[in-house]
J.: 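Got a structure here, written out as structure tokens. Questions coming.
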Amino acid sequence: MLIKQLKAIVGPKGWTSDPAAMAPSLVDWRGAFHGAAPIIVSPASTEEVAAVVGACAAAGVAIVPQGGNTSMCGGAVPDESGSQIVLRLGRMNKIRALDVENFSIEVEAGCILEHVQQAAKKANRLFALSLGAEGSCQIGGNLATNAGGINVIRYGTARAQTLGLEAVLADGTVVNSLRSLRKDTAGYDLKQLFIGSEGTLGIITAATLKLFPDPGLRTTALIAIESSGAAVKLLSHLRGSIGDSIEAFELISGFVFGLVEKHLPASVPPFASEYPWYVLTDITCGEGTEHLEQVLQGTVEAGLACDAIIAKNEAESAALWRIRHSIAEAERAAGKALKHDISVPVSRIEEFLQRGDQLLATLAPGSPLIAFGHVGDGNLHYNVAMDPGSEQGAQVTTAIYALATEMGGSFSAEHGVGQAKRDYLRQYRSASEIELMQTLKHALDPLNILNPGKVI
Ligand code: FAD
Ligand code: 2HG
Ligand code: ZN
């Protein structure tokens, strides 16, 4: 009965129950979580999403919203019961409006991140959110996970770049807060409820996003350094000398470089020698590449860096960024890994890595560490080449999360909680925080039909 109703709501182009067509939506990007569903629906409008959710609510059937399915924690995959409906947002991919003077863009949730960046660029504006999955992840998924990426140091997370939101509640009601204002103190800021809620409080159907002036000439540099601590000192030094023009500041271990090199042989690191750590940075320095060369030369002379390469043109810059954006893929090709998306205060990055090394030496001697991340935001991907399903793997994860927490950090910096980290949320958030989260969940989704089994 429900299935028939859903098919009628979305029409023949808006559903599939063909096993081959459903398969990519029933497993996560890393291949760690598998699920089943009786049907996948792909509504083409907010009204259709509302009708689908209303019908599911009446039948008491759960819904799993899905964007590009690039979640790193199994957030967009249904459970194995075969009873949950997957709702793909991909057909809702219109850019509704771009206001050049207001520096804002209104987009549907299924827009691919890269398409939004391109639309902004065409209007001589910048949509700043940028991450390795930008060719396939969607704005709805970015907002639902409060995604970070490489430009947080300069522009903030997805949350900071959202002005307004449209969402469908668990009973099918549409809440339209699609305002494009920088200032608005009229009541609770409702959009914040849905950003970072991973599809558990509502389904995001559209958003108004902040644009920035196109920063113009962007210089990419790859800098070799002796230690992770040097990266933090280098960042502090650069911020002191060239101000707020650092758009990205990414740390990559020498081991991770080697991993990418094996996966993409053409991307060999262009240094004469090998170094333990590298920083990849984008700087928009109005004074030009020559000035930046002098600044970087100064850092080498001051002993803050070992060597540096500056991309001479866009192609060279893209080649350097390809190395960075291929890390997750190279790691996936190499096999199973524990994924630890942690954050600590930037000033404690080196201490975290040193104490992490000690833990690994005791708990998992010989297991390769795959360490990289958004060091300017204190966010490390402290991954370990081990089976997450093993007892030893679970011990390592527990110890690493405990270390990050003890150091004033978080066990989930930018990927969200999904199903992979659900049990840790209870452990690392206080009883009163969990209770408030449960109160919100119960108030907004009393039947527990929105992405059940995720987050909380
Ligand atoms: P999905 O994976 O489809 O969904 C993610 C979660 O959001 C799920 O819980 C889902 O139910 C929910 N959801 C999806 N759409 C909606 C909607 N419209 N309404 C309500 N809920 C919804 N993340 C970072 O933060 N920074 C990075 O640098 C980064 N790099 C990545 C690189 C690669 C190669 C990959 C594979 C992933 C990366 N990620 C990164 C992880 C991932 O969170 C992001 O790619 C992205 O934000 C997820 O978007 P998506 O459309 O694929 O969402
Ligand atoms: C990145 O920064 C992503 O490349 C993925 O957040 C991190 O694979 C990971 O652990
Ligand atoms: Zn990341």
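Read the numbers this way: they start at 1 and go in the same order the structure lists the ligands and their atoms. Side chains are part of it too, since the values below use all heavy atoms of this structure and drop only hydrogens, waters and symmetry mates.
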J.: Counting only heavy atoms closer than 4.0 Å, does ligand 1 sit against the backbone of Glu329, its side chain, both, or neither?
T.: neither
J.: Checking Ile449 against Asp445 for the side-chain contact (heavy atoms from CB on, under 4.5 Å) test, could you report, in this order, the C-alpha distance in whole Å, the side-chain angles of both residues, the deciding distance, and whether it holds?
T.: CA-CA 7 Å; Ile449 60 162; Asp445 182 19; 3.6 Å; yes
J.: Which protein non-hydrogen atom lies closest to atom 4 (O) of ligand 2, naming both residue and atom, and how far is it?
T.: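 Protein heavy atom with the smallest distance to atom 4 (O) of ligand 2: Arg324 NH1, 3.0 Å.
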J.: Any chance CD of Glu433 has more than 12 other-residue heavy atoms, nucleotides or ligands included, within less than 6.0 Å?
T.: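 Correct, the count exceeds 12.
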J.: Quick one: look up the protein heavy atom nearest atom 9 (C) of ligand 2 and list residue, atom name and how far away it is.
T.: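 For atom 9 (C) of ligand 2, the nearest protein heavy atom comes out as Lys339 NZ, 3.1 Å.
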J.: Indicate, as side chain, backbone, both or neither, the part of Ile204 found under 4.0 angstrom from ligand 1 when only non-hydrogen atoms are considered.
T.: both
J.: Output, in order, the C-alpha distance, side-chain angles, deciding distance and verdict of side-chain contact (heavy atoms from CB on, under 4.5 Å) for Ile400 and Tyr382.
T.: CA-CA 9 Å; Ile400 293 301; Tyr382 191 86; 3.5 Å; yes
J.: Out of Gly74, Gly202, Ser130, indicate the one that has the non-hydrogen atom closest to atom 20 (C) of ligand 1.
T.: Gly202
J.: Which atoms of ligand 2 are found less than 4.0 Å from any heavy atom of His374?
T.: 2 (O)
J.: Please check if atom NE2 in His34 has more than 12 non-hydrogen atoms from other residues, nucleotides or ligands closer than 6.0 Å.
T.: yes
J.: Which residue holds the protein heavy atom closest to atom 6 (O) of ligand 2, what is that atom called, and what is the gap in Å?
T.: His415 NE2, 2.7 Å
J.: Taking distance alone, with N or O pairs closer than 3.5 Å, would you say Trp29 contacts ligand 1?
T.: no
J.: Output the list of atoms in ligand 2 that are nearer than 4.0 Å to some heavy atom of Phe372, sorted by atom number.
T.: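 Heavy-atom distances to Phe372 below 4.0 Å select 1 (C), 4 (O), 7 (C), 8 (O), 9 (C), 10 (O).
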J.: Heavy atoms only, cut-off 4.0 Å: how does His325 contact ligand 2, side chain, backbone, both, or neither?
T.: neither
J.: I'd like to know whether Trp29 forms a side-chain contact (heavy atoms from CB on, under 4.5 Å) with Asn69, so could you lay out the CA-CA distance, the side-chain angles of the two residues, the decisive distance to 0.1 Å, and finally the verdict.
T.: CA-CA 7 Å; Trp29 190 84; Asn69 197 17; 6.0 Å; no
J.: Is the closest heavy atom of Thr145 to ligand 1 under 4.0 Å?
T.: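 For ligand 1, residue contact (heavy atoms, under 4.0 Å) with Thr145 is present.
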J.: Among Gly110, Ser25, Ala76, which one puts a heavy atom closest to atom 4 (O) of ligand 1?
T.: Ala76
J.: Using distance alone, with no hydrogens and no angle criterion, decide if His415 and Glu198 have a side-chain donor and acceptor under 3.5 Å apart.
T.: no
J.: Under the side-chain contact (heavy atoms from CB on, under 4.5 Å) rule, what do Leu369 and Ser253 come out as? Steps first, then yes or no, please.
T.: CA-CA 9 Å; Leu369 170 66; Ser253 76; over 6 Å; no
J.: Are side-chain heavy atoms of Glu166 and Arg96 found at a separation under 4.5 Å?
T.: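 Touching, per the 4.5 Å side-chain cut-off.
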J.: Closest non-hydrogen protein atom to atom 26 (N) of ligand 1, residue and atom name please, with distance?
T.: Glu414 OE1, 2.9 Å
J.: Using a 4.0 Å heavy-atom cut-off, which part of Asn451 comes near ligand 1: side chain, backbone, both, or neither?
T.: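 Under 4.0 Å from ligand 1, Asn451 contributes side-chain atoms alone.
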J.: Only heavy atoms count here, so choose which of Leu165, Ile150, Thr70 is nearest to atom 48 (C) of ligand 1.
T.: Thr70
J.: Do the charged groups of Lys121 and Glu114 touch, with an N to O distance under 4.0 Å?
T.: no
J.: In this structure, are over 12 heavy atoms from other groups packed under 6.0 Å from Gln438 atom CD?
T.: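 Buried by this count: over 12 neighbours within 6.0 Å.
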J.: Looking only at protein heavy atoms, which one is nearest to atom 7 (O) of ligand 1, and what is the separation?
T.: Ala144 CB, 3.3 Å
J.: Between Phe411 and Tyr401, what is the ring plane arrangement, given parallel below 30°, perpendicular above 60°, and tilted in between?
T.: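 Answer is tilted, since the angle falls between 30° and 60°.
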J.: In this structure, are over 12 heavy atoms from other groups packed under 6.0 Å from Gln427 atom CD?
T.: yes
J.: Closer than 2.8 Å to the Zn ion (ligand 3), do we get an N, O or S atom from Glu414, backbone or side chain?
T.: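 Of the N, O and S atoms in Glu414, at least one lies under 2.8 Å from the Zn ion (ligand 3), which means yes.
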J.: Taking the non-hydrogen atoms of Gly418, is any one of them nearer than 4.0 angstrom to ligand 1?
T.: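 Per 4.0 Å heavy-atom rule, Gly418 does not contact ligand 1.
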J.: Is the contact between Asn383 and ligand 2 made by the side chain, the backbone, both, or neither, using heavy atoms and a 4.0 Å cut-off?
T.: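 The part of Asn383 near ligand 2 is the side chain, not the backbone.
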J.: State, to the nearest 10 degrees, the angle whose vertex is the Zn ion (ligand 3) and whose arms point to NE2 of His374 and NE2 of His381.
T.: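 About 100°, to the nearest ten degrees.
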J.: Does Arg332 CZ have over 12 foreign heavy atoms under 6.0 Å away?
T.: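 Enclosed: over 12 neighbouring heavy atoms sit under 6.0 Å from CZ of Arg332.
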J.: Would you mind reporting whether Lys191 and Arg179 have side-chain heavy atoms less than 4.5 Å apart?
T.: no
J.: Closer than 4.0 angstrom: is that true for some heavy atom of Lys454 and an atom of ligand 1?
T.: no
J.: Measuring from the heavy atoms of His374, does anything fall under 4.0 Å of ligand 1?
T.: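 Contact present.
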J.: Between Gly141, Gly132, Ser71, flag the one that comes closest to atom 15 (N) of ligand 1 by a heavy atom.
T.: Gly141
